[in-house]
Structures are given as C-alpha cells and as structure tokens.
Amino acid sequence: MQPNSTLSIGFVASGAPEARASLERLRARYNGVDPEEADVIVALGGDGLMLQTLHRFMGRNKPIYGMHRGSVGFLMNDYSEDDLIVRLQSAMRSIIHPLLMRATDRNGVVTTAHAINEVSLLRQTHQAAKLRISVDGKVRMEELTADGVLVATPAGSTAYNLSAHGPILPLSAQLLALTPLAPFRPRRWRGALLPSHARIAIEVLEPDKRPVAAVADGREVRHVQRVEVRQDESVELVLLHDPGHGLDERILREQFGY
C-alpha cells in the first residue's frame with residue numbers, strides 16, 4: 001500500500017531528541033495532519049507519552065498506535081519508519097476502560113479524574129495512613145494501616161501495581177486489582193481481586209494526623225478524606241498493536257519473566 005492512502009495520520013512525540021527527529025521525518029513521509037483531525041494517532045516516545053496521549057484524546061474514538069522512542073515501552077510497538085500504513089491497517093485493537101476517581105478533600109471539594117493505569121492513595125507524611133475500605137457499599141476492611149493502597153486496571157497491572165507485588169491481570173479479565181502499599185496491619189494482607197463493576201470507597205481515618213493524597217495517573221489531590229473508584233464503561237480507549245504483540249500477549253510474557 002502506498003503512502004498516499006486515504007488514512008490520515010496525526011503524529012505526536014515526547015520531548016526526547018530522538019522522538020522529535022522521528023516526528024519530523026514521519027510527518028513529512030506520510031503527510032501527517034493535525035492530530036485533532038486525524039483518523040489515527042501515532043505516538044512516538046515511551047509509556048509516559050502513551051498515557052498522556054490517551055488522556056488527551058479520551059472520548060474522541062481515535063485509535064492510538066505507539067512506537068517506542070523512549071525509556072519504558074510496554075505499551076509501545078517496535079520503531080520502524082517503513083510500511084507504517086500497512087502496519088496501522090493490520091494492527092490488532094485493544095479496548096480498555098479507564099477508572100473514574102471521585103476524591104473529596106478536607107474542605108469538601110470534590111475532584112474527578114480518569115486513570116488508565118491506577119488510582120493510588122499515598123501517605124503525605126512520615127506516619128502511615130489509616131484507611132477503611134468498602135466495596136459496593138459494604139465495609140470489607142475496617143482499618144488498613146499502610147503507606148497506602150491502589151486500584152489498578154488490567155492494563156495498569158504491570159505498572160505500579162506490579163512493583164507493589166500486586167497480581168498481573170490479563171487484559172480480557174473483568175477484574176480490578178486492589179493492592180496495599182507496604183501494609184503494616186493487617187500484616188499478611190496482600191490485596192484482593194474485585195469484579196470490574198465493583199464500586200470501591202476508601203475513607204481516610206485520622207486525616208488531620210495522617211494526611212493522604214490521591215493520585216489518578218498523574219493527577220494528584222492532597223488531604224483527601226474519601227475516595228471513590230469505579231471503572232468507567234462509558235469511555236473506550238483503543239490501542240493498536242502489531243499482530244502477535246498485543247497487550248494480552250505482552251501481559252502473558254510479563255508473567256513468565258520475558
């Protein structure tokens with residue numbers, strides 16, 4: 001297929017020099033258009049850029065194809081400047097739904113934000129956080145003393161969740177991972193697997209003495225008193241991957257250490 005295909009491509013890149021150089025070459029070679037008007041977005045960078053791009057075009061129904069020109073590239077395809085249109089048209093689609101966080105701070109201000117990887121609650125001071133966890137309106141843990149806790153999607157289960165010894169979830173699993181961060185009490189609790197439709201509420205106990213921040217991907221809210229998390233089924237994000245290298249395959253490889 002020739003580069004004059006009717007498929008319009010918008011290119012975005014991280015600030016890394018190699019990514020910016022690739023952006024200029026690919027934009028010229030494939031007649032790149034304004035990303036806002038494109039049929040498909042090609043993101044040049046690492047996983048950080050991919051998350052930024054997914055947030056930027058959330059709700060716009062634009063498929064996003066990443067090529068690795070950064071440091072961490074779990075969500076990205078291998079970089080090549082050849083046959084890009086053929087690769088785009090033969091790519092596998094992965095549909096993911098983000099989390100929706102609703103955080104209420106000590107002044108009663110409510111902040112909502114989407115998270116593609118995870119929503120995390122983290123202690124703000126040297127003192128451990130004390131948290132009460134409810135699922136679908138029922139208290140499941142009266143008090144968790146820990147550095148914090150996070151809720152991860154399958155797509156995000158190989159990120160912060162994995163570093164906190166949380167489970168890796170296949171992309172097709174209708175599950176969320178609830179994972180403690182350095183738990184002190186109950187000491188042996190390692191978290192829980194919850195159905196994707198679960199509504200999770202986390203209350204901060206002793207918020208003045210033990211302040212806690214909530215983070216949805218990169219969006220932080222400090223001094224929270226209550227955080228509610230659920231999967232937002234109304235939003236679909238489409239990632240494109242080369243055949244044989246989709247997210248399901250990457251997550252499976254991660255479980256076997258390669």
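Numbers here simply count residues along the sequence, with the first being 1.
- More than 12 heavy atoms of other shown residues, nucleotides or ligands fall within 6.0 angstrom of atom CZ in R25.
- In the model, Y79 has a side-chain atom that pairs as donor or acceptor with a side-chain atom of S22 under 3.5 Å.
- Looking only at side-chain heavy atoms (C-beta outward), P211 and T125 come within less than 4.5 Å of each other.
- At distances below 3.5 Å, not a single donor-acceptor pair connects side-chain atoms of R185 with backbone N or O atoms of R187.
- Residues V227 and L121 have side chains in contact (heavy-atom distance under 4.5 Å, counting atoms from C-beta outward).
- In this structure the side chain of L84 reaches within 4.5 angstrom of the side chain of Y65, judged on heavy atoms.
- Counting non-hydrogen atoms of other residues, nucleotides and ligands closer than 6.0 Å to CZ of R102 gives a total of 12 or fewer.
- A salt bridge links R56 to E36: at least one charged side-chain nitrogen sits closer than 4.0 Å to a carboxylate oxygen.
- Using a distance-only test at 3.5 Å, with no hydrogens or angles considered, no donor-acceptor pair links the side chain of R140 to the main chain of I133.
- Side-chain contact check for H97 versus D232: every heavy-atom pair is 4.5 Å or farther apart.
- Side-chain N/O atoms of D78 and H68 include no donor and acceptor closer than 3.5 Å.
- Side-chain contact of D217 with H55: a donor-acceptor pair under 3.5 Å is present, judged by distance alone.
- In terms of heavy atoms, A129 sits closest to R123 at N-CB, 4.1 Å.
- Note on R230 versus E228: no salt bridge recorded, every NZ/NE/NH1/NH2 to OD/OE distance being 4.0 Å or above.
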Could you give me the CA-CA distance, side-chain angles and deciding distance for D105 and R222, then say whether salt bridge (Lys or Arg N to Asp or Glu O under 4.0 Å) is met? CA-CA 7 Å; D105 71 13; R222 296 179 71 80; over 6 Å; no
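- Partner M101 forms a side chain to side chain contact (heavy atoms under 4.5 Å, CB included) with one of V224, V151, V221, T112 and no other, that one being V221.
- Counting all heavy atoms, side chain and backbone alike, R87 lies closest to S80 at NH1-CB, 3.3 Å.
- Within the model, atoms CG of L176 and CG of L169 stand 8.0 Å from one another, a figure rounded to the nearest 0.5 Å.
- A donor-acceptor pair under 3.5 Å links the side-chain atoms of Y30 to the main chain of E81, judged by distance alone.
- Residues Q225 and E203 form no side-chain contact, since every pair of their non-hydrogen atoms from C-beta on lies 4.5 Å or further apart.
- A donor-acceptor pair under 3.5 Å is formed between the side chain of K62 and the backbone N or O of A38.
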